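A quick write-up on the structure given underneath.
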Amino acid sequence: MMLENNSQESLQLPFEFHYVPDLDDTFIQPGDIVSIDNSLGMVICLCTKGSIDIKSGLNDYSIKEKEMFFYSPAGFLRVFNVSEDFTGLLIKPKLDFILPLISNLLNVRSQMYIRDNPKLTMTDEQYEYISGLLSSIEERINHEISSEMDERRRMVLTELIKSQASTLFYEILNQYLINQPIELSAPDRNDEIMQKFIVSLDKHYRMERNVAFYAAEQCLSYSYFSEIIKSKTGVTALKWIISRVIIDSKQMLEFTNISIKEIADSLNFPTQTFFGKYFKQYVGISPKEYRKRC
């Protein structure tokens with residue numbers, strides 16, 4: 001079944017479904033570089049047939065039939081190989097919809113584990129169950145949107161579909177926990193601080209490299225904020241920021257043909273020289289040398 005895009009828009013749902021490849025067969029091609037909208041909490045790619053090889057961040061992944069892949073909104077995704085029979089579904093929940101679902105169940109360490117291990121291989125039974133939930137949401141949207149309804153009923157329908165979507169995402173998380181057990185503990189106030197930092201970092205790292213900015217966002221002192229981040233992840237807030245900037249720098253050097261000066265500008269460095277020194281300090285070689293090696 002094909003979900004109609006205008007159905008999703010008219011109901012103003014906090015998620016989108018996109019089938020790939022699309023009708024003109026150009027949605028995903030080998031060599032494509034995909035940037036991800038920061039308003040999204042994540043993108044879930046479900047391979048329904050064939051296979052696709054991608055690079056997310058600095059890691060390579062091969063996604064086959066009945067496998068899911070989760071990727072975050074920051075950075076690029078590079079497509080390498082797409083089998084001739086590849087078909088899939090992209091599920092795109094909005095950040096303000098998916099974040100509360102995740103934060104209520106998973107502490108930061110568990111969220112980081114999923115971020116570092118973003119692939120889920122499902123059994124036939126698991127795949128059929130997830131597919132059934134997806135079909136149920138599609139049928140509800142496509143059937144109801146075709147009928148006449150007033151604004152009050154439209155609001156009720158939207159909330160009903162959001163509830164179905166919540167069930168879908170909880171079930172995806174449930175399948176992940178079955179296949180890759182994670183030691184769960186209840187999220188606490190510090191997990192919330194860390195989660196907000198990660199979200200803010202994904203949005204602002206290109207403009208803000210100062211820990212004080214992220215502490216002030218949450219009305220916390222520099223020292224207290226830094227202590228919480230270090231205690232939750234074992235890594236300082238400054239190292240989180242540096243890592244995010246360096247990963248993005250490497251991706252732009254490797255995946256794009258834009259000049260080093262343009263990369264420096266996009267990351268809000270005052271000059272190309274300053275960016276070069278920053279990059280070499282943490283990578284060990286200059287941006288130019290890194291690009292040559294890639």
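Nothing here was measured: the structure is a model prediction, and the numbers come from that model. Values below: every heavy atom of this structure, side chains too, minus hydrogens, waters and symmetry copies.
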Test side-chain contact (heavy atoms from CB on, under 4.5 Å) applied to I229 and V211, step by step: CA-CA 11 Å; I229 303 306; V211 175; over 6 Å; no
Evaluate the side-chain proximity of [Y] to [X]: yes if any heavy-atom separation is below 4.5 Å, no if none is.
X    : Y    : value
M112 : I198 : yes
W240 : Y214 : no
Y290 : E254 : yes
F86  : C47  : yes
H18  : V43  : no
H204 : E217 : yes
I91  : L134 : yes

Would you kindly confirm whether [X] and [Y] end up in one hydrophobic cluster when ILVMFWY residues are joined by side chain heavy atoms under 4.5 Å apart?
X    : Y    : value
I178 : M122 : no
L13  : Y170 : yes
Y224 : Y222 : yes
L238 : L201 : yes

Using only atom types and a distance under 3.5 Å, with no angle test, would you say the side chain of [X] pairs donor to acceptor with the backbone of [Y]?
X    : Y    : result
R291 : L253 : yes
R206 : N268 : no
S266 : I263 : yes
T48  : T87  : yes
S231 : I228 : yes
Q218 : I193 : yes
D191 : V108 : yes

F269 and F274 aromatic ring geometry - parallel, tilted or perpendicular at 30°/60° bounds: tilted
Plane angle bin for F197 and F225 - parallel if under 30°, tilted between 30 and 60°, otherwise perpendicular: perpendicular
Residues E192 and R189 bridged, charged N to O under 4.0 Å: yes
So, taking the atom named [atom1] in [X] and the one named [atom2] in [Y], what distance separates them when rounded to the nearest 0.5 Å?
X    : Y    : atom1 : atom2 : answer
I98  : L173 : CD1   : CG    : 9.0 Å
I285 : R293 : CD1   : CZ    : 4.0 Å
I241 : I246 : CD1   : CD1   : 12.5 Å
F69  : T121 : CZ    : OG1   : 12.0 Å
D53  : Y61  : CG    : OH    : 13.0 Å
I137 : T167 : CD1   : OG1   : 8.0 Å

CA sep, side-chain torsions, deciding dist, call: K239, T233, side-chain contact (heavy atoms from CB on, under 4.5 Å): CA-CA 11 Å; K239 285 187 176 179; T233 66; over 6 Å; no
Taking all non-hydrogen atoms of both residues, which atom of [X] and which atom of [Y] are closest, and how far apart?
X    : Y    : result
K66  : D124 : NZ-OD1, 2.5 Å
A215 : S221 : CB-O, 3.9 Å
R115 : P118 : O-CD, 4.0 Å
F279 : P287 : CD2-N, 3.6 Å
A212 : N210 : N-OD1, 2.9 Å
D85  : K49  : O-CG, 3.5 Å

Ring centres under 6.0 angstrom apart (F15, F17): yes
Audit row: I52, V20, side-chain contact (heavy atoms from CB on, under 4.5 Å) steps and yes/no: CA-CA 11 Å; I52 182 170; V20 289; over 6 Å; no
Pairs satisfying salt bridge (charged side-chain N to carboxylate O under 4.0 Å, His left out), at least one member in residues 56-65, at least two apart: K55-D60
Salt bridge (charged side-chain N to carboxylate O under 4.0 Å, His left out) between K162 and E159, intermediate numbers included: CA-CA 5 Å; K162 285 167 64 177; E159 292 303 313; 3.3 Å; yes
Qualifying ring-ring contact (aromatic ring centres under 6.0 Å, His included) pairs with a residue from residues 112-142, counting only residues at least two apart or across chains: none
Chi angles and distances behind the side-chain contact (heavy atoms from CB on, under 4.5 Å) call for V245, Y278: CA-CA 10 Å; V245 172; Y278 183 95; 3.8 Å; yes
From CA spacing to verdict: salt bridge (charged side-chain N to carboxylate O under 4.0 Å, His left out), R244, D202: CA-CA 8 Å; R244 195 68 205 84; D202 282 345; 3.7 Å; yes
Candidate pair K119 and E67, rule salt bridge (charged side-chain N to carboxylate O under 4.0 Å, His left out), full reasoning: CA-CA 7 Å; K119 190 168 82 167; E67 291 185 334; 3.8 Å; yes
Exceeds 12 heavy-atom contacts within 6.0 angstrom, atom CG of N257: no
Side chain to side chain donor-acceptor pair (under 3.5 Å) partners for D265, two or more places apart: K261
S286-E289 side chain donor-acceptor pair, cut-off 3.5 Å: no
